[in-house]
Amino acid sequence: MPELPEVEVVRRGLQDHVVGRTVERAVLTGARVARRHGAGPADLAARVAGSRVRAVDRRGKYLWLVLDPPHDDPQALVVHLGMSGQLLVEPPDAPREKHLHAAFDFADDGPQLRFVDQRTFGGLALAGLAPDRHGPRAYGIPEPVLHIAPDPLEPAFDRAATVRRVRAKDTELKRVLLDQTVVSGVGNIYADEALWRAGVHGRRRGAALTGPTIGRVLDHAADVMREALGQGGTSFDALYVNVNGASGYFDRSLAAYGQAGRPCPRCGTAIVREEFMNRSSHFCPRCQPRPRVRRPG
DNA sequence: CTACTGACCTGTTTGC
DNA sequence: TGCAAACAGGTCAGTA
């Protein structure tokens, strides 16, 4: 599932393959892929045509192409991969994918950029760029991304401020880690891994934890995502791939996520899976003791 | 305002 | 064998 490391792998691929090129034509299939673009898919396609790709930027799991339209200010083509979205760079005559939702042709007649998404939780939108309130940024932040907090791997990330925000939350720590307005880029996989590394149970409440403990969890989240990025990301199947269609290898390094019943790499106790927020949580019952007091609900 | 839930999707796996 | 249910989960609209 694309979380920060996987999205960053895609961003780097796009940086290598589309920056400096000019979009000649965009074809969007169906309305759903552009549901976050108010004016609809035809408008998006029309307004992208003729634009030069100046840069590819990212915050958390959001990715955007900074576009230079011929006679207008720069704008952003915002892409979210959702759970199963892929951005692929392929020859224009490559076979059409079953779940192809958008294709971008370039004026140089080189490889196409395609958006493929089996479940269509992801999508595309065109938006204006605004200054980032968290710090200087070359091209600013797209309006639909302004509510997303900095991720732990970017310079604007304020560790102390994030610790304070987590402590101010009257809710469980894992829920806060997944809240993209507090810290972005962390999804279910890296939340479980960070909590395991820190030896903290995700059901402990932010307000009940010490600042140093929360800081440790955040540091582990940054570490594990950095390591995953070094391995090309995590993937369990062909759903997550880089722009060339290749998978990452970090799934071989997971200690907790998806490891139910397997021994904890630190103490040997069997990893437990339980339902949390209508998803799965994985933890070591010995290294990550449950909170002793649980509130009702 | 905050905390929390359900809906959106579809291919694959599991269970009867 | 066949069908249904469970599962994967990021985001946001809507509710309390």
Side-chain angles (χ1 to χ4, degrees), chain A residues 1-8 10 29-38 58-64 78-87 97-102 115-125 127 142-149 151 164-195 202-208 221 225 228 233-241 247-248 250-251 254 256-261 272-282 294-297:
Chain A
M1 317 306 152
E3 301 181 26
L4 185 153
E6 294 75 34
V7 178
E8 175 61 15
V10 172
T29 310
R32 188 169 165 76
V33 68
R35 69 192 181 287
R36 308 251 179 254
H37 184 71
R58 180 189 60 74
R59 166 164 281 172
K61 304 168 200 170
Y62 279 86
L63 177 75
W64 59 92
V78 181
V79 183
H80 199 291
L81 300 177
M83 288 180 54
S84 53
Q86 305 174 359
L87 283 169
E97 288 80 4
K98 184 176 178 189
H99 299 289
L100 176 67
H101 298 287
F115 181 74
V116 175
D117 191 349
Q118 176 189 106
R119 287 169 231 181
T120 343
F121 277 28
L124 313 174
E143 268 120 22
V145 188
L146 285 173
H147 68 294
I148 299 296
D151 65 63
R164 284 196 297 273
R165 286 201 64 194
V166 174
R167 290 199 76 190
K169 288 279 182 183
D170 183 25
T171 191
E172 295 148 318
L173 180 55
K174 179 164 176 182
R175 198 181 276 278
V176 185
L177 288 177
L178 296 177
D179 182 344
Q180 305 296 301
T181 68
V182 175
V183 53
S184 70
V186 182
N188 205 35
I189 296 171
Y190 299 113
D192 278 1
E193 292 301 304
L195 290 164
R203 280 199 182 274
R204 294 182 68 185
R205 300 220 156 218
M225 292 195 292
T234 301
S235 62
F236 307 102
D237 50 40
L239 268 191
Y240 163 68
V241 292
S247 296
F250 192 72
D251 57 310
L254 295 174
Y257 181 86
Q259 308 300 307
V272 169
R273 171 188 177 279
E274 71 173 23
E275 191 178 303
F276 181 77
M277 291 171 71
N278 290 323
R279 323 171 138 55
S280 296
S281 275
H282 310 76
R294 275 198 287 166
R295 299 188 187 185

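Here the structure is a predicted model, which is why all the values come from computation and not from measurement. The basis for the numbers below is simple: all heavy atoms, side chains too, and nothing from hydrogens, waters or symmetry mates. Numbers restart at 1 for each chain; the letters A, B, ... are given by sequence-line order, proteins then strands.
Although no hydrogens or angles enter the test, the distance criterion places no donor-acceptor pair under 3.5 Å between the side chain of A:Asp117 and the main chain of A:His101. Side-chain atoms of A:Glu3 do not come within 3.5 Å of backbone N or O of A:Lys61 as any donor-acceptor pair. Under the 3.5 Å distance criterion, the side-chain polar atoms of A:Glu193 are left unmatched by any main-chain donor or acceptor of A:Ala221. Looking at A:Arg175, its side chain never comes within 3.5 Å of a backbone N or O of A:Leu177 through a donor-acceptor pair. Listed for the A:Arg205 side chain is a donor-acceptor partner under 3.5 Å among the backbone atoms of A:Asp170.
Proximity of A:Arg35 to the phosphate of B:dC9: no side-chain N or O atom is located under 4.0 Å from OP1 or OP2. Under 4.0 angstrom from either OP1 or OP2 of B:dG6 there lies at least one side-chain N or O belonging to A:Asn278. Between A:Arg119 and B:dC8 there is no side-chain polar atom (N or O) within less than 4.0 angstrom of OP1 or OP2. Remark: A:His80 is in phosphate contact with C:dT11, judged by side-chain N or O atoms under 4.0 Å from OP1 or OP2. Contact between the side-chain N/O atoms of A:Gln180 and the OP1/OP2 oxygens of C:dT11 is found at a separation under 4.0 Å. A sub-4.0 Å separation between OP1 or OP2 of B:dC9 and a side-chain N or O of A:Arg32 is present. For A:Lys98 and B:dT10, the shortest distance from a side-chain N or O to OP1 or OP2 is not below 4.0 Å. Side-chain N/O atoms of A:Ser84 include none lying less than 4.0 angstrom from OP1 or OP2 on C:dA8. For A:His99, no side-chain nitrogen or oxygen approaches OP1 or OP2 of B:dC9 to under 4.0 Å.
Put simply, the side chain of A:Val33 reaches to within 4.5 Å of the side chain of A:Phe115, judged on heavy atoms. Using a 4.5 Å heavy-atom cutoff, the side chains of A:Lys174 and A:Leu178 are in contact. Two residues are said to be in side-chain contact when any heavy atoms from C-beta on lie closer than 4.5 Å; A:Arg167 and A:Arg164 fail this criterion.
When the P atom of B:dT5 is taken as reference, atom CG of A:Leu178 falls 13 Å away, rounded to whole Å. In this structure, A:Glu172 atom CD and B:dA3 atom P are separated by 12 Å, rounded to whole Å. For the pair A:Phe276 CZ and C:dA8 C1', the computed distance is 17 Å after rounding to whole Å. Rounded to a whole Å, the CG atom of A:Asp179 is 14 Å from the P atom of B:dT5. Across the protein-nucleic acid pair, A:Asp170 atom CG and B:dC1 atom P stand 18 Å apart, rounded to whole Å. Taking atom CG of A:Leu177 as the reference point, atom P of B:dA3 lies 14 Å away to the nearest angstrom. As a whole-Å value, the separation of A:Leu146 CG from C:dT11 C1' is 17 Å. In this structure, the CD atom of A:Glu97 is 14 Å from the P atom of B:dG11, given to the nearest Å.
Taking every side-chain heavy atom of A:Lys61 into account, C:dT11 is the closest of C:dT11, B:dT10, C:dC7. Each of C:dA8, B:dT10, B:dC4 was ranked by its minimum atom distance to the side chain of A:Ser280; first place goes to C:dA8. When each of B:dA3, B:dC4, C:dA8 is scored by its nearest atom to the side-chain atoms of A:Arg175, the top-ranked nucleotide is B:dC4.
Note on the helix from B:dT2-C:dA16 to B:dC16-C:dG2: terminal axis deviation equals 60°, with five pairs used at each end and the result rounded to 10°.
Smallest separation of non-hydrogen atoms from A:Arg59 and A:Trp64: N-CZ3, 3.5 Å.
For A:Asp192 and A:His282, the side-chain atoms include at least one donor-acceptor pair closer than 3.5 Å.
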Tabulate atom names and distances for all N/O pairs under 3.5 angstrom spanning the protein and nucleotides 12-16 of chain C.
{"from": "C:dC12", "atom 1": "OP1", "to": "A:Tyr62", "atom 2": "OH", "distance (Å)": "2.8"}
{"from": "C:dC12", "atom 1": "OP2", "to": "A:His147", "atom 2": "NE2", "distance (Å)": "3.3"}

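Using the six-membered ring where Trp is involved, A:His147 and A:Tyr62 have ring planes that are perpendicular, over 60° apart on the 30 and 60° scheme.
Each of A:Lys169 and A:Arg279 has a nearest nucleotide on DNA chain B; the 5'-most of these lies closest to A:Lys169.
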